[in-house]
Amino acid sequence: MHRRPPQPGGRGEVIVIVGGGVTGLSTAFWLARDGHPVTVVEKGIVGWEASGRNGGGCTHPYSPLFREEQRLWPMMDDLLGHPTEWRPHRLKVALDEGQLDRLWKSTRLATDQGFEAATLDRAELRELVPWVGDNAVGGIHWKYGGHANPQRTSQAYAWAVERHGGRILQHTAARGIRVQGGRAVAVETSAGQIGCDALVIAAGPHTAALAAPLGHRVPMAPARVEMIVTEPLPPVAIGGVDGNGLYGRQTLRGNLAYGGGPHEWIDLDGEATPRPVNSPVVASLARRLNELFPRLGHVRVIRSWGGIVENTPDGRPILDRLEDPGNVVVASMSSVGFGLSPATGRALAQLVLQGRCDFADLSQLKLSRFGNLPLDWRSRQGWDALPV
């Protein structure tokens, strides 16, 4: 990735985005595509953390951005000019009647909006996914949604931003925001000061620390999550298959990439990202994947990933333009950033430019909903970090 240093003294960049994950990159893409000067500031490598290492799911029917998510994903390869490996549809597998009931409750969020789904018995499931065992009681075919390659998509966003004239500063940590006259006027970084006329803070678990000096409490709890990847298998027709508390996909090469709780709650220490480590969660993932696909018990896990995501108290994103400073937008996706990123980026670009989103009601995602949140909310929810 080409890197240009900030101009001495902070040459005014119309829009600065702190955070080079998919949320920040997508926002930069939509702004740059419309001709707005934009700079992305990323403390490491774009898409290097959870944005580039997740289950790749593109199906969030509970979100007000769901319709836009579904409209945009089939177009993203053409819009970005690079492959995302997006594939349509998803399959849901239930191992007991309770799981099947919960799957249908989730499915109705989409079917009530006019999207189509179909019940599958065990035999029909096995025709689509031959790895399903006799322990499956049935499933659901979501004839909507899909999945994409997180690493390729993150890179596609970055290349598209630069092609449209935006700039991306990697290995450049944001350390503070200078405010003057009720507006953010510059971002202090490890490489110097960058002037701005508008600012988007989309820095994942570091968003709270950047917003706090501005007088805003952004409640979030950082957590360590993990993924496993298997050796390649023969491709199946629909590679996005979830169940048994797992989310994931089959890659075009044939690998299975899966994750899914439980979280390990942690605390952050400064701007650095904690060292990636694996925990007993990896064994839990492998065990539950074997339960989901018992015919694959012989398949080897060839790599894994441990990284950090942020979670809001109600598990829903925060997408809001602040009143003071009035030119700052705050975004926290609460662990669901990848799939919603095409729609989220477009919504955030509109919040920057016009103060509102004209294709979705974002009122339920405003920061103000946490105005009466107790200071000890993490303890009350059992989300405190364990002693080291």
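Note that the structure is predicted; figures quoted are calculated from it, not measured.
Closest of all the heavy-atom pairs between Val309 and Ala50 is CG1-CB, 3.6 Å. Residues Leu373 and Pro313 come closest through the heavy atom pair CD2-CG, 3.6 Å. Nearest heavy-atom pair across Leu365 and Pro64 is CD1-CG, 4.0 Å. Taking every heavy atom of both residues into account, Ala211 and Val218 meet most closely at CB-CG2, 3.7 Å. Residues Ile308 and Pro222 share a closest heavy-atom pair of CG2-CB, 4.1 Å.
In the hydrophobic clustering, Leu252 connects to no other residue, as no ILVMFWY side-chain heavy atoms lie under 4.5 Å from its own.
In terms of hydrophobic clustering, with Ile, Leu, Val, Met, Phe, Trp and Tyr side chains grouped at heavy-atom distances under 4.5 Å, Val299 and Val229 are assigned to different clusters. Both Leu353 and Leu25 belong to a single network of hydrophobic side chains, linked directly or stepwise wherever heavy atoms of I, L, V, M, F, W or Y lie under 4.5 Å apart. Hydrophobic clustering of Ile, Leu, Val, Met, Phe, Trp and Tyr side chains at less than 4.5 Å, counting indirect connections, keeps Tyr247 apart from Ile140. Linking ILVMFWY residues whenever their side-chain heavy atoms come closer than 4.5 Å, directly or via other members, places Trp30 and Phe359 in the same cluster.
With a 4.5 Å cut-off on side-chain heavy atoms, Leu319 and Leu65 count as touching. Proximity of Met227 to Leu285: side-chain heavy atoms (C-beta onward) are nowhere separated by under 4.5 Å. Ile17 has its side chain within reach of Leu31: a pair of non-hydrogen atoms, C-beta onward, lies under 4.5 Å apart. The closest side-chain heavy-atom distance from Val328 to Arg321 is not below 4.5 Å. Contact check for Leu256 versus Leu296: side-chain heavy atoms found under the 4.5 Å cut-off. Put simply, the side chain of Val14 does not reach to within 4.5 Å of the side chain of Val38, judged on heavy atoms. In this structure, Val93 and Asp242 have side chains that are not in contact, with every pair of non-hydrogen atoms separated by 4.5 Å or more. Side chains of Asp267 and Arg378 form a contact here, defined as non-hydrogen atoms less than 4.5 Å apart.
From Asn135, atom CG reaches atom CG of Leu292 across 8.0 Å, with rounding to the nearest 0.5 Å. Rounded to the nearest 0.5 angstrom, Trp377 CH2 and Asp384 CG are separated by 9.5 Å. Summarising the geometry, atom OG1 belonging to Thr23 is positioned 8.5 Å from atom CG belonging to Leu340; distances are rounded to the nearest 0.5 Å. Note: Gln193 CD to Arg175 CZ = 14.0 Å, rounded to the nearest 0.5 Å. Residue Gln99 holds its CD atom at 4.5 Å from CG of Leu95, rounded to the nearest 0.5 Å. One finds the NE2 atom of His147 at 8.5 Å from the CD1 atom of Ile238 (value rounded to the nearest 0.5 Å).
With sequence neighbours excluded, the residues forming a ring pair (Phe, Tyr, Trp, His ring centres under 6.0 Å) with Phe115 are Phe66, Tyr144, listed by chain and number. Residues meeting the ring pair (Phe, Tyr, Trp, His ring centres under 6.0 Å) test with His216, sequence neighbours left out: none. A search for side-chain contact (heavy atoms from CB on, under 4.5 Å) contacts involving Leu351 returns Val329, Leu348, Leu362, not counting sequence neighbours. For Trp131, the ring pair (Phe, Tyr, Trp, His ring centres under 6.0 Å) partners are Phe293, not counting sequence neighbours. Contacts of Leu120 classified as side-chain contact (heavy atoms from CB on, under 4.5 Å), with partners at least two apart in sequence or in another chain: Leu91, Glu124, Leu125, Leu128, His141. For His164, the side-chain contact (heavy atoms from CB on, under 4.5 Å) partners two or more places apart in sequence, or in a different chain, are Phe29, Ala32, Arg33.
With hydrogens and angles ignored, the 3.5 Å screen pairs no side-chain donor or acceptor of Arg249 with any backbone N or O of Val241. Under the 3.5 Å distance criterion, the side-chain polar atoms of Asn54 are matched with a main-chain donor or acceptor of Ser51. Between the side chain of Trp86 and the backbone N or O of Thr153, no donor-acceptor pair lies under 3.5 Å. Asp320 contributes no side-chain N or O that, together with a main-chain N or O of Val330, makes up a donor-acceptor pair within less than 3.5 Å. Asn244 places no side-chain N or O within 3.5 Å of a backbone atom of Leu246 that could act as its donor or acceptor partner.
Look at Asp112 and Arg108 and you find no salt bridge, because none of the NZ, NE, NH1 or NH2 atoms lies under 4.0 Å from a carboxylate O. Between Asp197 and Arg183 no salt bridge is recorded (no basic side-chain N to carboxylate O distance below 4.0 Å).
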Inset, instruction - Using the side-chain hydrogen bond (donor to acceptor under 3.5 Å, both in side chains) rule, take Trp142 and Thr107 through it: C-alpha gap first, then chi angles, then the decisive distance, then the call. - result: CA-CA 8 Å; Trp142 284 2; Thr107 302; 2.8 Å; yes

Inset, instruction - Just do the side-chain contact (heavy atoms from CB on, under 4.5 Å) check on Gln250 and Val236 with the steps written out, would you? - result: CA-CA 8 Å; Gln250 184 179 38; Val236 295; 3.4 Å; yes

Inset, instruction - Give the C-alpha distance, both sets of side-chain angles, the deciding distance and a yes or no for side-chain contact (heavy atoms from CB on, under 4.5 Å) between Glu42 and Thr172. - result: CA-CA 5 Å; Glu42 164 56 43; Thr172 305; over 6 Å; no

Inset, instruction - Could you walk me through whether Glu188 and Arg178 pass the side-chain contact (heavy atoms from CB on, under 4.5 Å) test, one step at a time? - result: CA-CA 7 Å; Glu188 304 288 350; Arg178 187 159 66 86; 4.1 Å; yes

Inset, instruction - Apply side-chain contact (heavy atoms from CB on, under 4.5 Å) to the pair Thr207 and Met220, showing each step before the final yes or no. - result: CA-CA 9 Å; Thr207 297; Met220 57 177 59; 4.0 Å; yes

Would you mind writing out the side-chain donor-acceptor pairs for residues 74-81 within the sub-3.5 Å range, not counting sequence neighbours?
residue: Asp77; atom: OD1; partner: Thr84; partner atom: N; Å: 3.0
residue: Asp77; atom: OD1; partner: Thr84; partner atom: OG1; Å: 2.6

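By the 6.0 Å contact criterion, CD on Gln354 is enclosed, its count of non-hydrogen atoms from other residues, nucleotides or ligands being greater than 12.
Applying the side-chain hydrogen bond (donor to acceptor under 3.5 Å, both in side chains) test to every pair with at least one member in residues 327-353, sequence neighbours left out, gives these pairs: Glu68-Arg346, Tyr157-Ser341, Glu310-Ser332, Asn311-Ser335, Thr312-Ser334, Gln350-Asp358. Residue pairs meeting the salt bridge (Lys or Arg N to Asp or Glu O under 4.0 Å) criterion with at least one partner in residues 329-343, sequence neighbours excluded, are absent. Sorted by first and then second residue, the salt bridge (Lys or Arg N to Asp or Glu O under 4.0 Å) pairs with a member in residues 294-308 read Glu231-Arg300; sequence neighbours excluded. Sorted by first and then second residue, the salt bridge (Lys or Arg N to Asp or Glu O under 4.0 Å) pairs with a member in residues 137-161 read Glu85-Arg152, Glu116-Lys143; sequence neighbours excluded.
Judged purely by distance below 3.5 Å, without hydrogens or angles, the side chains of His82 and Gln155 never pair a donor atom with an acceptor atom. Arg316 and Gln364 share a side-chain donor-acceptor pair at under 3.5 Å.
The ring of Trp73 has its center closer than 6.0 angstrom to the ring center of Phe338.
Of the residues Leu199, Leu367, Ile201, the one that meets the side-chain contact (heavy atoms from CB on, under 4.5 Å) test with Leu322 is Leu367.
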